[in-house]
Amino acid sequence: RLRKWQERIRTKDAGERNLQFALSEIDRMASALGVPRSVREVASVIYRRALKEDLIRGRSIEGVATSALYAACRKEGIPRSLEEISEVSRVERKEIGRTYRYISQELGLEMRPVDPKKYVPRFCSELELSEEVQTKANEIIEKTAEEGLLSGKSPTGYAAAAIYAASLLCNEKKTQREVADVAQVTEVTIRNRYQEQIEAMGIHG
Amino acid sequence: MTDPKDTINIENVVASTGIGQELDLQSVAMDLEGADYDPEQFPGLVYRTQNPKSAALIFRSGKIVCTGAKSTDDVHESLRIVFDKLRELQIQVNEDPEIVVQNIVTSADLGRNLNLNAIAIGLGLENIEYEPEQFPGLVYRLDEPEVVALLFGSGKLVITGGKKPEDAEHAVDKIVSRLEDLGLLE
DNA sequence: ACGTTACTTTCCAAAGC
DNA sequence: GCTTTAAAAAGTAACGT
């Protein structure tokens, strides 16, 4: 009898320790990413729900914690790409992606695809581009996405191309390399998306 | 107006069977030309047929998996070749072992571009998976037939998980009517 | 700025770790 | 869960030239 009781305490303590570890990891990663406190709270809620629904079995605590943070950033409208998230996590990109898809499905998070416009303010400020460029980039994204150009394309690459195009149009040119570095995509991707976007916008230049 | 059903093409058929006899894969690997066997890496021996093109995974238990064939007829032809090769090595093989198709992979074309964002919302976010940062296709699981469809912006699609060629046809029909009902196939 | 190769996703069986 | 095999879809990436 005593043994069972001690075991319960042991598991309870272990579970408590694991939860504390997960929450401190979320805090550490959130700080490294510079996201507001509200995002950490949303991530914590998602993590606790995953724990309650027993979704952590067969997965690492770190992987679920990182995925919860990725989901929280998206839910709060300030997405970070898997590439950016993986830079502050000890879990590799592929594992974060598959764990995110799993918890998102199981918890019924009903996450909408990321809107590329959500990346515009952050990328533009890192590039020190004006408000005018941001507005222009948003216009390009809005208009070309309506025409169906966005289907299947990565949101970061799409945003990067629109920002590159907008910087040219507003005479605040940034090179493809500069934009690519901030968005963490290749110049090839920017070139491909840029060509499609300017063609759809009817711009020549 | 091409019927999307007429664009269906079988790309791969996976089937399993067995010769009803245990095998010494080490000696089969020695005698069978072109056999790849690395038990440290994988317990099955890999044997490829050229015509029809396929890959057979042969196990110690005598069970065999055939994959890569473009039709169920090709699966039977490929396995007939594998059975004959084993008989040449003085291995007893049952008369005509039962061959069970486990999975058929099909491609098709809806003939129109798709707005995957609108389709994701229309089909219901709880019924689909669409993560363009990770993969350009929208994943749609059907209950009847029980298959998985990958929808792309080009209007092309992949149907997998079916066991009969008709499964893909029924799936394409359902997807087309579902998208038409939603006004998203235009 | 090309071209090639290779990786992402879905499905399934097999035997063993 | 992983390992191996095959195949398509389209996007992205990393090579070499």
Side-chain angles (χ1 to χ4, degrees), chain A residues 57-60 81-83 93-95 97-98 101-102 150-158 160 176 180 183-193 195-196, chain B residues 7-18 23 25 36-49 52-71 74-75 78 99-110 113-114 116 128-142 146-163 167-168:
Chain A
R57 268 193 194 172
R59 256 159 279 271
S60 72
S81 67
L82 287 172
E83 202 60 53
R93 196 201 121 117
K94 186 177 168 181
E95 180 61 22
R98 70 166 58 179
R101 281 179 351 242
Y102 178 71
L150 180 56
S151 286
K153 269 77 164 211
S154 129
T156 46
Y158 207 86
Q176 293 180 358
Q184 303 220 268
V185 296
T186 63
E187 295 168 86
V188 178
T189 296
I190 292 189
R191 237 172 268 138
N192 292 337
R193 295 306 133 249
Q195 286 301 334
E196 292 175 356
Chain B
T7 69
I8 292 178
N9 193 25
I10 294 178
E11 306 288 354
N12 184 23
V13 178
V14 181
S16 60
T17 188
L23 290 169
L25 294 182
D36 289 338
Y37 181 49
D38 183 359
E40 302 283 275
Q41 192 174 107
F42 188 69
L45 179 154
V46 182
Y47 181 73
R48 286 160 228 272
T49 62
K53 196 182 156 199
S54 77
L57 305 177
I58 305 172
F59 297 88
R60 185 185 47 81
S61 63
K63 291 188 177 178
I64 299 174
V65 170
C66 178
T67 183
K70 294 280 185 195
S71 68
D74 281 358
V75 166
S78 293
I99 296 171
V100 182
V101 174
Q102 303 287 356
N103 181 27
I104 297 179
V105 182
T106 307
S107 65
D109 190 353
L110 299 181
N113 287 339
L114 302 176
L116 297 183
I128 60 98
E129 267 188 66
Y130 177 48
E131 291 295 331
E133 185 184 348
Q134 298 186 55
F135 185 69
L138 183 152
V139 183
Y140 184 38
R141 287 161 209 277
L142 307 238
E146 201 176 318
V147 299
V148 175
L150 306 177
L151 310 184
F152 296 88
S154 64
K156 301 247 179 82
L157 60 147
V158 171
I159 308 281
T160 186
K163 303 219 182 277
D167 289 343

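These values consider heavy atoms only, across backbone and side chains, with no hydrogens, waters or symmetry-generated copies.
Remark: the separation of the P atoms in D/dT4 and C/dA6 is 15 Å, to the nearest Å. Of the P atoms belonging to D/dA9 and C/dA1, the separation is 27 Å, rounded to the nearest Å. Taking the P atoms as reference points, C/dT9 lies 15 Å from D/dA13, given to the whole Å. Here, C/dC7 and D/dT3 have their P atoms 13 Å apart, quoted to the whole Å.
In this structure, the CG atom of B/Asp109 is 15 Å from the P atom of D/dA8, given to the nearest Å. The CD-P distance, from A/Glu95 to D/dC2, rounds to 8 Å in whole Å. Taking atom CG of B/Asn103 as the reference point, atom P of D/dA6 lies 15 Å away to the nearest angstrom. Taking atom CD on A/Gln195 and atom C1' on D/dG11, their separation rounds to 17 Å, with Å as the unit. The CG atom of B/Leu57 sits 11 Å away from the P atom of C/dA15 (whole-angstrom rounding). One can place CG of B/Leu114 at 13 Å from C1' of D/dA10, the figure rounded to the nearest angstrom. The nearest whole Å value for the distance from the CG atom in B/Leu45 to the P atom in C/dA14 is 17 Å. In this structure, CD of B/Glu11 is placed 9 Å from C1' of D/dA9, rounded to the nearest angstrom.
The side chain of A/Thr186 contributes no N or O atom lying less than 4.0 Å from OP1 or OP2 of D/dA14. At least one side-chain nitrogen or oxygen of B/Ser154 sits closer than 4.0 Å to the OP1 or OP2 atom of D/dA10. Using a 4.0 Å cut-off, some side-chain N or O of B/Arg60 falls inside it from OP1 or OP2 of C/dG16. Residue A/Arg59 places no side-chain N or O under 4.0 Å from the OP1 or OP2 atom of D/dG1. Side-chain N/O atoms of B/Ser16 include none lying less than 4.0 angstrom from OP1 or OP2 on C/dA14. Contact annotation: A/Arg98 does not reach the phosphate of C/dT10 (side-chain N/O to OP1 or OP2, under 4.0 Å). Put simply, B/Arg141 has no side-chain N or O that comes within less than 4.0 Å of OP1 or OP2 on C/dT9. Taking only side-chain nitrogens and oxygens, A/Arg57 never comes nearer than 4.0 Å to OP1 or OP2 of D/dG1. Here B/Lys53 reaches the OP1 or OP2 of D/dA7: one of its side-chain N or O atoms lies under 4.0 Å away. The shortest distance between the side-chain N/O atoms of A/Arg193 and the OP1/OP2 oxygens of D/dG11 is not below 4.0 Å.
B/Glu133 comes within 4.0 angstrom of no nucleic acid atom, judged by non-hydrogen atoms across all strands. Among the atoms of the strands shown, none is found under 4.0 Å from any heavy atom of A/Arg93. Within the nucleic acid shown, A/Val185 comes within 4.0 Å of sugar-phosphate atoms alone, with no base atom in reach, counting heavy atoms only. Nucleic acid contact for A/Gly152: sugar-phosphate only, since backbone atoms but no base atoms lie under 4.0 Å from a heavy atom of the residue. The residue B/Ser61 sits close only to the backbone: its heavy atoms come under 4.0 Å of sugar-phosphate atoms, none of a base. Heavy atoms of B/Ser107 sit nowhere under 4.0 angstrom from any nucleic acid atom.
Heavy-atom distances to DNA chain D give each of B/Phe42 and B/Val158 a nearest nucleotide, and the one nearer the 5′ end belongs to B/Phe42. Sequence order on DNA chain C of the closest nucleotides to B/Phe59 and B/Val148 puts B/Val148 first from the 5' end. For the pair B/Val46 and B/Gly155, both in contact range of DNA chain D, the more 5′-proximal nearest nucleotide belongs to B/Val46. If A/Gln176 and B/Thr160 are placed on DNA chain C by their nearest nucleotide, the residue sitting closer to the 5' end is A/Gln176.
Not a single donor-acceptor pair under 3.5 Å links the side chain of B/Ser54 to the backbone N or O of B/Gly68.
Among all heavy-atom pairs drawn from B/Leu23 and B/Gly62, the shortest one is CD1-CA, 4.2 Å. Minimum interatomic distance between A/Ala183 and A/Thr156 (heavy atoms only, all atoms of both residues): O-CB, 4.0 Å.
Between atom CZ of residue B/Phe152 and atom CG of residue B/Leu114 there is a gap of 10.5 Å, rounded to the nearest 0.5 Å. Rounding to the nearest 0.5 Å places CD1 of B/Ile64 at 9.5 Å from CG of B/Leu57.
Listed by residue number, the members of residues 63-70 of chain B with any heavy atom below 4.0 angstrom from DNA chain D are B/Thr67, B/Gly68, B/Lys70.
Classification of A/Arg101 and B/Glu131 as a salt-bridged pair fails, no side-chain N sitting under 4.0 Å from a carboxylate O. Using a 4.0 Å cut-off between charged side-chain N and carboxylate O, B/Lys163 and B/Glu146 make no salt bridge. B/Asp74 has no carboxylate O lying under 4.0 Å from a charged side-chain N of B/Lys53, or vice versa, which leaves the two without a salt bridge. Ion pairing between A/Arg59 and A/Glu95 fails under the 4.0 Å rule for side-chain N and carboxylate O.
In this model, no donor atom of one side chain and acceptor atom of the other lie less than 3.5 Å apart for B/Glu133 and A/Ser154.
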